[in-house]
Amino acid sequence: MDEILITRLFPEEISEQLGLEPFRGRQIFRWIHEKHLFDIQKMTDLSKELRNELENKAIFCQTEVLHVQESSTSGTKKVLLQLRDHQTIESVIIPHRRRVTFCLSTQVGCPLKCAFCATGKAGFKRNLNAGEIIEQVLHLLSLIELGHRTPNIVYMGMGEPFWNYDEVIRSIKLIMHPLGVNIGARKITVSTAGDVKGIQKFAEENWQVRLSISLHAGNDTLRSRLVPLNRKYPLDKLAEALHQYQQKTDRMITFEYVLLGGVNDSLKHAQELFEYAKQFKCTVNLIPWNPVSDISFYPPTQETCEQFLQFLTQNGLNATLRKERGQDINAACGQLRRIVLIQE
Ligand code: SAH
């Protein structure tokens, strides 16, 4: 029989799969998702007898915090989690004033192998289930200071969310559940390297969850080099899907653009990005590349970044330059896990 993984289930499914009355499923769901408590023995409104019975019947927690690394300059925290099969994933807490953003992983490793990204280097191991995704949120909530507002959630950690579509969607529904963490759709963003099939499905979801596209280049030759997925879904195919998405949902999209020194940071590249982005209701997020040892790119100078930004904004595009946070703790995608793996 398949294992029952409690954290990936909705209240009614918990009752069903454990053979309990409906209110029991809600009780267990609230302990876990509202109170961040995974230990069934501490669920005091269940009888001792029932707790012992359930403990042997199902898995209540699939992840364990192995390591938390905090940046002394920005307060960014990188959290390394271990899964039941001893694989590791990472999540990041990014504070900004009284707000906080959680960056979640959706896969162990990543199959996409973008040229500048640390996660792809370590290869792809497997998809995460929705329980492993929501448990990241629950652990991170226990690690932030009280007084922070409801976190923003970005699916921008390890992995390609749309290559694990069903479990990612399930995890979003768990995050939004009123008996659980109860975070609003507008505070949640899913980021894709441009998987057209995923974008088409996402357009059909009846909600306000945001979509972000990792673009990194406005011409196919360069983009195929940086983001190999572009060979399958080139820029015109991607544009077609994004037009359909916006026609259907009327939602704003974000383009992420990692600035790589001497590679995609000239004014010609800014022009190409501008031409592409201007077709859409969008914001462009520029991110200076976060150095990864043994990947031979370099971040552009501050001046180049600002000129690039200026070109976009002067032409009327909504664009921001993200100040990289947490460089001292290697907060770029995939790095903490890699370093710990190397040290082991
Ligand atoms: N696969 C998805 C989500 C994960 S990557 C996607 O591609 O959108 C999240 C973002 O971090 C992407 O925009 C990715 O290109 C970017 N990124 C990866 N490595 C980086 C690095 N070293 N410095 C800055 N950004 C990086």
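Atoms within each ligand, like the ligands themselves, are counted from 1 in listed order. Quick note: residue numbers are just sequence positions, from 1. Note that the coordinates shown come from a computational prediction; the quantities given were computed from them, not determined experimentally.
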Peer 1: Tell me the contacting part of I295 for ligand 1: side chain, backbone, both, or neither, using a 4.0 Å heavy-atom threshold, strictly below.
Peer 2: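 The answer is neither; I295 stays 4.0 Å or more away.
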Peer 1: Give, for atom CD1 of I199 and atom CD1 of I253, the distance between the pair rounded to the nearest 0.5 Å.
Peer 2: 8.0 Å
Peer 1: From atom 5 (S) of ligand 1, work out which of R322, E256, M158, M156 has a heavy atom at the shortest distance.
Peer 2: M156
Peer 1: If hydrophobic residues (ILVMFWY) are linked whenever their side-chain heavy atoms come closer than 4.5 Å, directly or via other members, who joins L5 in its cluster?
Peer 2: I59
Peer 1: Please work out, at 4.0 Å between heavy atoms, whether the side chain, the backbone, both, or neither of V258 comes within that distance of ligand 1.
Peer 2: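 Side chain only.
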Peer 1: Using a strict cut-off of less than 4.0 Å between a Lys/Arg side-chain nitrogen and an Asp/Glu carboxylate oxygen, indicate whether R126 and D85 qualify as a salt bridge.
Peer 2: yes
Peer 1: Quick test of your reading of the model: are R84 and E3 salt-bridged, counting only N-O distances below 4.0 Å?
Peer 2: yes
Peer 1: Taking 4.0 angstrom as the limit and counting only heavy atoms of C117, give me the atoms of ligand 1 inside it, by number and element.
Peer 2: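 Near C117, meaning under 4.0 Å from one of its heavy atoms, ligand 1 has 18 (C), 19 (N).
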Peer 1: State plainly whether the residues E34 and R26 are in salt-bridge range, i.e. N to O under 4.0 Å.
Peer 2: no
Peer 1: Considering the heavy atoms of V292, write down every atom of ligand 1 situated less than 4.0 Å from one of them.
Peer 2: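 Near V292, the atoms of ligand 1 are 22 (N).
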Peer 1: Counting from 1, what ligand 1 atoms have a heavy atom of A193 closer than 4.0 Å?
Peer 2: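 In order of number, 6 (C), 7 (O), 8 (O).
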Peer 1: Heavy atoms only, cut-off 4.0 Å: how does H216 contact ligand 1, side chain, backbone, both, or neither?
Peer 2: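 Contact part for H216 vs ligand 1: side chain (C-beta onward).
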Peer 1: Which ligand 1 atoms does G159 reach within 4.0 Å, using its non-hydrogen atoms?
Peer 2: 1 (N), 2 (C), 3 (C), 4 (C)
Peer 1: Could you go through residues 150-161 and list every donor-acceptor pair under 3.5 Å that involves a side-chain atom there, pairing it with any protein atom two or more places apart or in another chain?
Peer 2:
residue: Y155; atom: OH; partner: S171; partner atom: OG; Å: 2.8
residue: E160; atom: OE1; partner: A193; partner atom: N; Å: 2.9
residue: E160; atom: OE2; partner: F162; partner atom: N; Å: 3.1
residue: E160; atom: OE2; partner: T192; partner atom: OG1; Å: 2.7

Peer 1: Would you please determine whether A118 falls within less than 4.0 Å of ligand 1 on a heavy-atom basis?
Peer 2: no
Peer 1: Are C110 and ligand 1 in contact, using a heavy-atom cut-off of under 4.0 Å?
Peer 2: no
Peer 1: Whether R8 and E167 form a salt bridge (side-chain N of Lys/Arg under 4.0 Å from carboxylate O of Asp/Glu) is what I want to check.
Peer 2: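 Between R8 and E167 there is a salt bridge, with a charged N closer than 4.0 Å to a carboxylate O.
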